[in-house]
Asks: 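Once you've had a glance at the structure underneath, I'll fire off some questions.
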Amino acid sequence: MTQSELIILNFTEIRRRSMKLWSGLPEKYYNWKPDQKAMSVSEMIRHVLKADCGWNIIINQGDMTNYKAPWKNRPFINLRNELEFAEPFRKTFLESIRQFSDKKLNETEIVHPGNGSKKILVKYLLRIGYHESVHAGQFLSYLRAMKIDRPKIWD
């Protein structure tokens, strides 16, 4: 298995578990948040999904200066609708990763536009996986606070 295949496998497993968590939430709770400064449930789901579009530009060393996510002014209708809209962006992101050779993964330097930090591409990709995993943990705490049964993600 190549490094890119292993990274894609990890991303696929992380997303599968995120979707399992998200699917466990009744629609009536989409706007719930623990406090006024926190993201709502639907904002968190969208934040994770729309990140793929931005990550793809970053890992391909594109310009994020005037980036506008395709979700702008798009209402959150339900999870199924959101996942369908996000799917082409996810496929493009994973296909970009599939194209990276082990050499490119280990030698390409990525500069994160938000803070200017530099990381080798393979480490940057692992950081992306961690980002979604952190939000999965956050989502679990939201479900616990709402007293909603938490889906079993450790299958």
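This is a predicted model, so every value here is computed, not measured.
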Asks: Is there a path from V48 to L79 through hydrophobic residues (I, L, V, M, F, W, Y) whose side chains come within less than 4.5 Å of each other?
Replies: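 Yes, V48 connects to L79 through the hydrophobic network.
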Asks: Determine, step by step, whether N31 and F76 satisfy the side-chain contact (heavy atoms from CB on, under 4.5 Å) criterion, reporting the C-alpha distance in whole Å, the side-chain angles of both residues, the deciding distance to 0.1 Å, and the verdict.
Replies: CA-CA 10 Å; N31 293 315; F76 189 102; over 6 Å; no
Asks: If every non-hydrogen atom of I59 is compared with every non-hydrogen atom of I110, which pair is closest and at what distance?
Replies: O-CD1, 3.8 Å
Asks: Any salt bridge (charged side-chain N to carboxylate O under 4.0 Å, His left out) pairs touching residues 94-103, not counting sequence neighbours?
Replies: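 Of all non-adjacent pairs touching residues 94-103, those that pass salt bridge (charged side-chain N to carboxylate O under 4.0 Å, His left out) are E95-R98, K103-E107.
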Asks: Could you go step by step and tell me if L25 and W32 meet the side-chain contact (heavy atoms from CB on, under 4.5 Å) rule?
Replies: CA-CA 11 Å; L25 181 78; W32 188 91; over 6 Å; no
Asks: Just jot down the side-chain hydrogen bond (donor to acceptor under 3.5 Å, both in side chains) partners of T108, sequence neighbours excluded, or say none.
Replies: none
Asks: My understanding is that only residues two or more places apart in sequence, or in another chain, count here; which of them pass side-chain contact (heavy atoms from CB on, under 4.5 Å) with S40?
Replies: K33, S42, E43
Asks: Tell me, do W22 and L49 make a side-chain contact under 4.5 Å, heavy atoms counted?
Replies: yes
Asks: Supply the atom-to-atom distance L6 CG to N10 CG, rounded to the nearest 0.5 angstrom.
Replies: 7.0 Å
Asks: Holding to side-chain hydrogen bond (donor to acceptor under 3.5 Å, both in side chains), I want the full list of residues that pass it with T2, two or more places apart in sequence or in another chain.
Replies: S4, E5
Asks: With sequence neighbours left out, what residues match E109 under side-chain hydrogen bond (donor to acceptor under 3.5 Å, both in side chains)?
Replies: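 Residues passing side-chain hydrogen bond (donor to acceptor under 3.5 Å, both in side chains) with E109: none at all.
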Asks: Out of curiosity, does M39 fall in the hydrophobic cluster containing M19 (side-chain heavy atoms, cut-off under 4.5 Å, transitive links)?
Replies: yes
Asks: Side-chain heavy atoms under 4.5 angstrom apart, residues restricted to Ile, Leu, Val, Met, Phe, Trp, Tyr: same cluster for Y30 and L83?
Replies: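 Looking at the clustering, L83 is in the same group as Y30.
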Asks: Should side-chain heavy atoms under 4.5 Å link Ile, Leu, Val, Met, Phe, Trp and Tyr, which residues sit in the same cluster as I77?
Replies: none
Asks: Verify side-chain contact (heavy atoms from CB on, under 4.5 Å) between R90 and F11, making sure each step is shown before the conclusion.
Replies: CA-CA 10 Å; R90 181 66 170 184; F11 282 171; 3.6 Å; yes
Asks: Quick one: side chain to side chain donor-acceptor pair (under 3.5 Å) pairs with a partner in residues 60-75, sequence neighbours left out?
Replies: N56-N60, N60-S96, D63-T65, W71-E82, R74-N81
Asks: Can I get a per-line list of side-chain donor-acceptor pairs under 3.5 Å for residues 146-155, giving both atom names and the distance, sequence neighbours left out?
Replies:
residue: D155; atom: OD1; partner: R16; partner atom: NH2; Å: 2.9
residue: D155; atom: OD1; partner: R17; partner atom: NH2; Å: 3.3
residue: D155; atom: OD2; partner: R16; partner atom: NH1; Å: 2.8
residue: D155; atom: OD2; partner: K20; partner atom: NZ; Å: 3.3

Asks: Using a 3.5 Å cut-off and no angle test, enumerate the donor-acceptor pairs between side-chain atoms of residues 127-141 and protein atoms at least two apart in sequence or in another chain.
Replies:
residue: H131; atom: NE2; partner: H47; partner atom: NE2; Å: 2.9
residue: H131; atom: NE2; partner: H135; partner atom: NE2; Å: 3.3
residue: E132; atom: OE1; partner: R15; partner atom: NE; Å: 3.3
residue: E132; atom: OE1; partner: R15; partner atom: NH2; Å: 2.9
residue: E132; atom: OE2; partner: R15; partner atom: NE; Å: 2.9
residue: E132; atom: OE2; partner: S18; partner atom: OG; Å: 2.8
residue: S133; atom: OG; partner: G129; partner atom: O; Å: 3.0
residue: H135; atom: ND1; partner: Q138; partner atom: OE1; Å: 2.7
residue: H135; atom: NE2; partner: H47; partner atom: NE2; Å: 3.2
residue: S141; atom: OG; partner: Q138; partner atom: O; Å: 2.6

Asks: Identify all side-chain donor-acceptor contacts of residues 116-126 below 3.5 Å with residues at least two apart in sequence or on another chain.
Replies:
residue: S117; atom: OG; partner: N115; partner atom: OD1; Å: 2.9
residue: Y124; atom: OH; partner: H112; partner atom: ND1; Å: 2.5

Asks: Within this structure, what is the CD1-CZ distance for the pair I57 and F93, rounded to the nearest 0.5 Å?
Replies: 11.5 Å
Asks: Can you find a pair of side-chain heavy atoms, one from Y29 and one from L143, that are under 4.5 Å apart?
Replies: no
Asks: Using the side-chain contact (heavy atoms from CB on, under 4.5 Å) rule, take Q3 and F100 through it: C-alpha gap first, then chi angles, then the decisive distance, then the call.
Replies: CA-CA 9 Å; Q3 287 181 352; F100 294 136; over 6 Å; no
